[in-house]
2 protein chains.
Amino acid sequence: MELQLVNERRRGPYAAKRLSEFAARCRRGGLAVTPQRLAIIKALLGSGEHPRADAIFAAVRIQHPHISLATVHRTLETLCDIGEARKVTTLHDSARYDGNMIPHHHVVCVKCRRIRDIEIPRLDRILAGQSELGEFTVLGSSLEIQALCEDCAAKRANRTRKPRR
Amino acid sequence: MELQLVNERRRGPYAAKRLSEFAARCRRGGLAVTPQRLAIIKALLGSGEHPRADAIFAAVRIQHPHISLATVHRTLETLCDIGEARKVTTLHDSARYDGNMIPHHHVVCVKCRRIRDIEIPRLDRILAGQSELGEFTVLGSSLEIQALCEDCAAKRANRTRKPRR
DNA sequence: AACCAGATGATAATTATTATCACCTAGGTG
DNA sequence: CACCTAGGTGATAATAATTATCATCTGGTT
Ligand SMILES: [Mn+2]
Ligand SMILES: [Mn+2]
Ligand SMILES: [Zn+2]
Ligand SMILES: [Zn+2]
């Protein structure tokens, strides 16, 4: 088995661990531990959807009705800066974020934009050795697989099939 | 040698071939062959920069001073639709396009956003066998390596180094 | 308790992209 | 080779995401 989807169940414990370390990491990075930041990282870690800023905004708003959308954007960028989150996907619309910093890759449905994590140990092995690439110093990498999910494939099949008279 | 940059010289002949087939491909796709489309695909194939819509716009304007920016956006999307171009990069700002449809991957400088093509035959071999991935039907894939180019690495080193008194 | 660098909220500005729509033209048709 | 028409284009407005601004607030330190 070359490629394999990542099991969703692993997220719980991972999120708990990350959250417990978050305050310490902020301080290490010289960042204040604010309720907004906590709420945002919590929402991000709690989601496997690779959410956009507006989805995080909606989630966080429940507990923090006064939070500003600008704060959500800023904070997500900040989280990326300090290595607590990363941006994801090439199917270019709005930015999608990912709280999972364990190196992994993605399948994206080109139709509905659903994203699932995947692991490709053999690819990681290939990349592990590379720290230089011509004039470039390698920092990281990610593979994105463009695909069609079950639902969208079904819908497309329906649309294509001639309507029965 | 696992990963290898793609030689820039190959682009010339490739572009010429693609351009010569372009009209036929448009017709096959039911698209009119307009001077605007020709100018846009030509500009795209002529560039190794993975340009944005505005750069294509600027290039095309020289010969077609009346062309509209909206047409450039529309046409680039259309080219992607019919498989004559593709979008590129995750470092999320504006869309970058690529006329090179030979399967390949990219290194992106996280600082200046310069993009270079790379080939990873072993990765392609790994992916070639995969047409299904759980509930997903694989359509394509691309690896993006985040890196720092020589110039930006140098600048960063300067900035980091304490100024001599 | 007092201080202040940095964080936030509210809002405006910017920027990329898409939608609209009147006019135009590529590429059939007779 | 004159029409015809579906689809393409230019001009412009609308939308949507992100970023900038700035007055106010607060976490963390003294
Ligand atoms: Mn992920
Ligand atoms: Mn390329
Ligand atoms: Zn889907
Ligand atoms: Zn650079």
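A, B, ... follow the sequence lines: proteins, then strands. Residue 1 opens every chain. If you're wondering where the values come from, they're calculated on a predicted model, not measured in any experiment.
The separation between B:L38 atom CG and D:dT9 atom P is 10 Å, rounded to whole Å. The nearest whole Å value for the distance from the CG atom in A:D54 to the P atom in D:dT18 is 8 Å. Separating the NE2 atom of A:H64 from the P atom of C:dA7 is a distance of 17 Å, rounded to the nearest angstrom. Per the geometry, CZ belonging to A:R37 stands 10 Å off C1' belonging to D:dG27, to the nearest Å. For the pair B:I56 CD1 and C:dT17 P, the computed distance is 13 Å after rounding to whole Å. As rounded to whole Å, 14 Å separates atom C1' of D:dT18 from atom CZ of A:F57. Atom NE2 in A:H73 sits about 16 Å away from atom C1' in D:dT21, given to the nearest Å. For A:E77 and D:dT19, the CD to C1' distance is 10 Å, given to the nearest whole Å.
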>> Protein within reach of the bases, or only the backbone? For nucleotides 20-30 of chain C, mark each nucleotide 5' to 3' as B, S or -, using heavy atoms under 4.0 Å.
In response: B-----SS---

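With B:L143 as the partner, the side-chain contact (heavy atoms from CB on, under 4.5 Å) test is satisfied by one option alone out of A:I126, A:I145, A:L123: A:L123.
Remark: A:E21 pairs with A:K17, A:R25 by the side chain to side chain donor-acceptor pair (under 3.5 Å) rule, at least two apart or across chains. Qualifying side-chain contact (heavy atoms from CB on, under 4.5 Å) partners for B:A23, counting only residues two or more places apart in sequence or in other chains: B:R27, B:V33. Every residue was checked against the side-chain contact (heavy atoms from CB on, under 4.5 Å) condition with A:S131, not counting sequence neighbours, and none meets it. Remark: B:R37 engages no residue in a side chain to side chain donor-acceptor pair (under 3.5 Å) (not counting sequence neighbours).
Side-chain N or O atoms of B:T75 include one that pairs as donor or acceptor with a backbone N or O of B:T71 at under 3.5 Å. Between the side chain of B:Q146 and the backbone N or O of A:L139 there is no donor-acceptor pair closer than 3.5 Å. A donor-acceptor pair under 3.5 Å is formed between the side chain of B:T78 and the backbone N or O of B:R74. The main-chain N or O of B:S68 is never found under 3.5 Å from a side-chain atom of B:R61 such that the two would form a donor-acceptor pair.
The phosphate of D:dG10 (OP1 or OP2) has no side-chain N or O of B:H66 nearer than 4.0 angstrom. Between B:S68 and D:dA11 there is no side-chain N or O to OP1 or OP2 distance below 4.0 Å.
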Filtered N/O pairs between nucleotides 1-5 of chain C and protein, under 3.5 Å:
none

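Among D:dT9, C:dG9, D:dT18, the nucleotide with an atom closest to any side-chain atom of A:A53 is D:dT18.
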